[in-house]
S.K.: 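This structure is in structure tokens; I'll ask about it shortly.
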Amino acid sequence: GCCARPTRYKASHAHARVTLIYKTKTEMQDNQWEPVVFNKKAPKAADARTNAQIAAARQTGGQVDTSKKFAAGGNAQRNAPQNAAKLENETEVFAHDAVSFDLKMAIMKGRQAKGMTQKDLAQQIAEKPSVINDYESGRAIPDNKILGKLERVLGVKLRGKKK
């Protein structure tokens, strides 16, 4: 009858075909079916994470370990650090040394005396023009390596004297 012939269904792709073959009633009577029972294992106390899981493990007679781990949950910021008061009372101002007025004027005058632009001077000492601009505007943090190059190119003493 109708159950014995294969039926074809179109799949999502044009080339793929799914073929389903139905068995006749006489073939189905030959199958021996055995019941399969799935049993859920009792929860182990070691796997328990929530209070409900721990309670279930206790009810089934599992062993429950309640030891607290060392510094468990230690990321909480509940306590202020011990040096908080010391940090709070700190009044000293920490700032980088900036280029002094005398130094920036010496660089500017030396560059202008040689008739160089900031870009020319930067190329001479193999630095970016922004470095020269920072030194001349007083924004730079003095670097002995750069100051040495500037002294050599400009022929002006820039280091050695303190403010």
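For reference, positions follow the sequence shown, starting with 1.
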S.K.: Please check if the side chain of Q118 supplies one atom and the backbone of S130 the other of a donor-acceptor pair under 3.5 Å.
M.R.: no

S.K.: List the atom of I107, the atom of L154, and the distance in Å for their closest heavy-atom pair.
M.R.: O-CD1, 3.8 Å

S.K.: Taking salt bridge (charged side-chain N to carboxylate O under 4.0 Å, His left out) as the cut-off, I'd like each qualifying pair that reaches into residues 112-127, sequence neighbours left out, listed once.
M.R.: E127-K149

S.K.: Roughly how far, to the nearest 0.5 Å, is the CD1 atom of I132 from the NZ atom of K104?
M.R.: 14.5 Å

S.K.: Distance-only check: which donor-acceptor pairs under 3.5 Å involve side-chain atoms of residues 137-147, not counting sequence neighbours?
M.R.:
from : atom 1 : to   : atom 2 : distance (Å)
S137 : OG     : N133 : O      : 2.9
S137 : OG     : D134 : O      : 3.3
S137 : OG     : R139 : NH1    : 3.3
R139 : NE     : D134 : OD1    : 3.3
R139 : NH2    : N133 : OD1    : 3.4
R139 : NH2    : D134 : OD1    : 2.9
D143 : OD1    : K145 : N      : 3.2

S.K.: Please give me the minimum heavy-atom distance between E136 and M108, naming the atom from each residue.
M.R.: O-CE, 3.6 Å

S.K.: Sequence neighbours left out, what passes side-chain contact (heavy atoms from CB on, under 4.5 Å) with A106? Give chain and number order.
M.R.: L158

S.K.: Can you name the one residue among L103, V156, L121 that meets side chain to side chain contact (heavy atoms under 4.5 Å, CB included) with L150?
M.R.: L121

S.K.: Sequence neighbours excluded, which residues qualify as side chain to side chain donor-acceptor pair (under 3.5 Å) partners of Q124?
M.R.: none

